[in-house]
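Here is the structure we will look at, set down as structure tokens.
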Amino acid sequence: MKIPFPLARLRNIGIIAHIDAGKTTTTERLLYYAGKISRFGDVHTGDTITDFLPQERARGITIQNATVSLPWNKHVINLIDTPGHMDFFYEVMRALKVLDGCVVVMDAVAGVQSQTETCWKFARKVPKICFINKMDRVGAGYSRTLMELIWKLNSRVVLVNIPIFKKTQDGDSFCGVLDIVNQKVMKWDLNDPEKIDISDVLDSENDSLIEQYTKCRQSMVDTLSLFDDVLVKSFLEHADGDYLKLDSKTLNESIRKATIQNQVTPIVCGSSFKNIGVQPLLDSIINYLPSPLEAVFPDVNKDVIKGPMKRDDKLGILFNENKDLCAALAFKIIHDPIRGTMVFVRIYSGILKNGHTVHNTTTGKSFKIGKLVRMNANIPEEITHLNAGEIGVITGSTISENISTGDTLISHSIKKDGLKTLSRKPEFNLKINPMITPPPVFTVSIEPRTLGNKKSMEDALHILTVEDPSLHVSHDAESGQILLSGMGELHLQIAKNRLLNELNAEVEVGKVMVSYKEIINKGSNEITIQNENGYKFTINVSPIEEEKLASLLSEDGSNLVTENETWYPLGSDNNYLVMEKNIKYALEKEWPLQLSYESIVNSLISSSVVVLQHGGKRRNFPLYSCAVKVKGDWEIPIDTTSPMEILSISRSILSKTLTDLPEEEYSVLEPSMNLKVLVNQKDMGPVIQDLTGARSCTILSIEEDSLTKDENAVEFQKIAHDQYLPPDSTLNMARLENDDISKKVINATAPLKAMMAYSNKLRSLTQGRGEFYMTYRGMEKLTQDRMNSLDDA
Ligand SMILES: Nc1nc2c(ncn2[C@@H]2O[C@H](COP(=O)(O)OP(=O)(O)OP(=O)(O)O)[C@@H](O)[C@H]2O)c(=O)[nH]1
């Protein structure tokens, strides 16, 4: 038998950052230097490996995650190139769910940009290294970017390498890096991407370089010594307290430990476009980011995994020490015109084999899987099995109706049909908590061109939403229209193009509108139905108290089990199905019903989603932040095999209890955004006037760019002060108080509706110098004024 690839030599990583930081260009160079491609493509010519969708090539931006695998120094790196545009943030969220570490790419001119901040915060538990890219550009600021990183992202840094420049007629030109760990000067040949001139820094005749090296080393050791006693011992005993004598192996081990513990971020720099600094980035991925054996444990339902999870060299994570168990998470689904449905999975435990039967713990269904493949961007490679820690794809005719994004799959690692053996163990019900889909904020109406096009429209919409769960389809009860909702205007534009051009749907798409919701202000009556067929359900709906929800949610927002209740998310509108522990069946030793518990829950989920989507009494907008509570006294006949009656009973109770609530108990909500506008001092007046006047924004603060009012700011300002930063002509610019140069940041909250087409307005108010970023803040009740403007619209 083939010996499995050692898990310790595997890296599952993502590449994340603000739009245009250079993620795809960097990925392309990583593939090139790893020997996976013989020439690198370019985002301008639309021939990169990871941006393979027609729309990605046409627009030069990444829209969906692309997985590639590359060898480096006897290791394998599975890498996901993620999109940087905020409309596609769900892609980043789902990649981070299955990755063990990530590379954060920064544009050395732009510094720490807003979407990088968002990604960084979301990835707070994931070990990271940072690649300061675009060092070749005029205005690139290595130390200025680092300063921002420390202040804005609150991280300690370890400078693995720093930039070096050569003098030219036009000034300094970026040509290589000074490797602080290995004491090397590395200079790349601009005419030959393979050629590097490497020398010992101490042999250099450049005193300033030696001084920078010495100071960086000292700063590195001082930072690492805060966390690592082994390093301190080595420094004192073997290096005689001399910073330069500490060997690179000890340093690398220490950086690795501190990175995996999330205590420091190693920094490397370069220019992907000019092929400088990419090989040291590859080394750093291997040296500092965790293997699956060192990664953070996945978040699972604690009711079935009672003891601590353990790690095994070959089997990955052991749940309840079960060595037969294979557990995987489905994190992405695509429909390939030739290969059919393809489900991307991350294996956490055991081995998944071709043709084995798997059990979906989310739906309660079991089925046989077809072929397994490993994807390199859009090129598949057939394989016989997937080992723990690996990322791969399941294909086969049975999977399309049996797996959705976020489902946990269980299989027997050895026996082809070994589910019977597993089904007696508690971990048969293991759930790796899925990612939560963010609420959509924009909507378009979709109509078939003719009645005959209705079926093909529904099929196309089904494919779109299965592939991208951050798109939602609903039905407007009042107008009878089908509505497609998403995360932003670009998101819906791309979806529209896919519908028309890729999926060939004959549809008319309306104009983009903001998604409104409704909320109930108090709980509805509890209604019980008990019928002669032996069904009994008691259900009511109440508004969710945010504090209660926050106290229940695990850190990544998905594990909701209390002593008496389990909370199941209902789509993306912050609605939940709350199942009380069943009084009758919970006491039985073995499950007495024909129908699985999962299919009962799934029926209740389906009916709740339909009724809540049907909308509130004010404007029929979908209901938001509701808990549908099913009391624990429910009963169903023991021999029922179909959930149909559960669907219809629960739907009728829910509709009735919501209809009984008077209209005054419903309120309309609109999406509210956190807004950050960067402008020069002299443009502030008109920008603020426009925001507070026509756009009803609330200004929260006005700050200097790159300063943070965060409570950690003082601590991190001190860290920034203590950290040695190499000389950088742009460093002081960040601190200049000169009104013409220093940018101000206006922080505000804004109703999304008022911010539509804001980029044109800001451009005209600031002669193109202003920038703005928005992130979703939450749904807010409409003020009377805004309610009136809704009436007028
Ligand atoms: N000068 C310079 N330009 C670069 C460098 N790396 C990338 N670029 C350019 O930056 C632009 C964006 O590069 P991409 O690689 O598409 O950036 P991205 O982060 O993948 O973008 P999204 O995936 O759309 O978020 C392109 O014009 C690249 O050629 C670099 O090192 N130096």
Side-chain angles (χ1 to χ4, degrees), residues 13-33 37 40-68 79-93 95-96 102-120 122 130-142 145 161 163 165 170-177 188 190 193 268-281 377 487-488 490-491 493-494 730 771 773:
I13 64 150
I15 186 154
I16 60 172
H18 195 85
I19 189 162
D20 275 355
K23 297 176 291 297
T24 303
T25 309
T26 303
T27 304
E28 198 73 7
R29 298 312 188 270
L30 293 173
L31 286 166
Y32 173 80
Y33 285 110
I37 51 177
F40 35 78
D42 193 342
V43 288
H44 302 126
T45 41
D47 57 354
T48 60
I49 298 287
T50 48
D51 280 357
F52 56 83
L53 290 180
Q55 294 206 63
E56 293 183 311
R57 298 200 151 176
R59 291 168 189 264
I61 62 164
T62 304
I63 292 168
Q64 65 164 27
N65 292 334
T67 314
V68 287
L79 182 149
I80 300 184
D81 177 21
T82 67
H85 194 288
M86 62 186 172
D87 282 13
F88 308 108
F89 186 55
Y90 179 71
E91 288 291 301
V92 183
M93 289 167 73
L96 287 170
C102 57
V103 173
V104 183
V105 179
M106 306 239 178
D107 175 336
V109 177
V112 176
Q113 294 172 283
S114 100
Q115 191 61 13
T116 302
E117 270 187 82
T118 308
C119 292
W120 188 287
F122 192 80
C130 177
F131 180 59
I132 302 186
N133 187 32
K134 303 200 185 183
M135 282 305 307
D136 60 300
R137 285 184 61 197
V138 176
Y142 173 82
T145 303
N161 62 36
F165 300 86
D170 305 324
D172 285 349
S173 165
F174 177 61
C175 65
V177 300
W188 276 260
L190 285 187
V268 285
C269 67
S271 160
S272 297
F273 191 61
K274 297 268 164 102
N275 311 313
I276 302 178
V278 179
Q279 297 95 326
L281 172 60
M487 308 303 299
L490 180 63
H491 192 202
Q493 179 68 43
I494 302 273
T730 67
E771 289 170 65
Y773 304 102

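Atoms within a ligand are numbered from 1 in the order they appear, just like the ligands themselves. Every value quoted in this text rests on a predicted model; they were computed, and no experiment measured them.
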- [ ] Would you check if E91 and I80 make a side-chain contact, meaning some heavy-atom pair closer than 4.5 Å?
- [x]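 Heavy-atom side-chain distance check fails, nothing below 4.5 Å.
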Task: Within-4.5 Å side-chain heavy-atom neighbours: T82 and F88 - done: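 Counting from C-beta outward, T82 and F88 never come under 4.5 Å.
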Open item on the list: Just to be sure I read this right, does ligand 1 sit under 4.0 Å from the backbone of I19, its side chain, both, or neither, counting only heavy atoms?
Closed with: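 The answer is both, backbone and side chain.
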- [ ] Classify the contact between D136 and ligand 1 as side chain, backbone, both or neither, using a heavy-atom distance cut-off of under 4.0 Å.
- [x]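 Side chain only; the backbone of D136 stays clear of ligand 1.
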Open item on the list: S272 vs T26, test: side-chain hydrogen bond (donor to acceptor under 3.5 Å, both in side chains). Steps then yes/no.
Closed with: CA-CA 5 Å; S272 297; T26 303; 2.7 Å; yes
Which ligand 1 atoms, with their elements, are less than 4.0 angstrom from a heavy-atom of [X]?
X    : answer
G84  : 25 (O)
R137 : 1 (N)
T24  : 15 (O), 18 (P), 20 (O), 23 (O)

- [ ] Please lay out, stage by stage, how Y773 and H18 fare under the test ring-ring contact (aromatic ring centres under 6.0 Å, His included).
- [x] CA-CA 11 Å; Y773 304 102; H18 195 85; 5.1 Å; yes
[X] versus ligand 1: do any nitrogen or oxygen atoms come within less than 3.5 Å of each other?
X    : answer
P83  : no
G22  : yes
K274 : no
T26  : no
S271 : yes

Residue and atom name of the nearest protein heavy atom (relative to [atom]), distance in Å to one decimal:
atom                    : answer
atom 29 (O) of ligand 1 : H44 CE1, 3.0 Å
atom 30 (C) of ligand 1 : F273 CB, 3.2 Å
atom 11 (C) of ligand 1 : K134 NZ, 4.0 Å
atom 12 (C) of ligand 1 : D20 OD1, 3.4 Å
atom 24 (O) of ligand 1 : T62 N, 3.1 Å
atom 13 (O) of ligand 1 : T25 OG1, 3.6 Å
atom 18 (P) of ligand 1 : K23 N, 3.3 Å
atom 6 (N) of ligand 1  : N133 ND2, 3.2 Å

Heavy atoms only: give me the nearest [X]-[Y] pair and the separation to one decimal.
X    : Y    : result
N65  : P83  : OD1-CD, 3.4 Å
V268 : N161 : CA-OD1, 3.3 Å
P193 : W188 : O-CD1, 4.4 Å

State whether the side chain of [X] and the backbone N or O of [Y] hold a donor-acceptor pair below 3.5 Å, judged by distance alone.
X    : Y    : result
N133 : A21  : yes
S271 : K134 : no
K23  : V105 : no

Open item on the list: If the contact criterion is a heavy-atom separation under 4.0 Å, does A17 count as touching ligand 1?
Closed with: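 No, A17 has no heavy atom closer than 4.0 Å to ligand 1.
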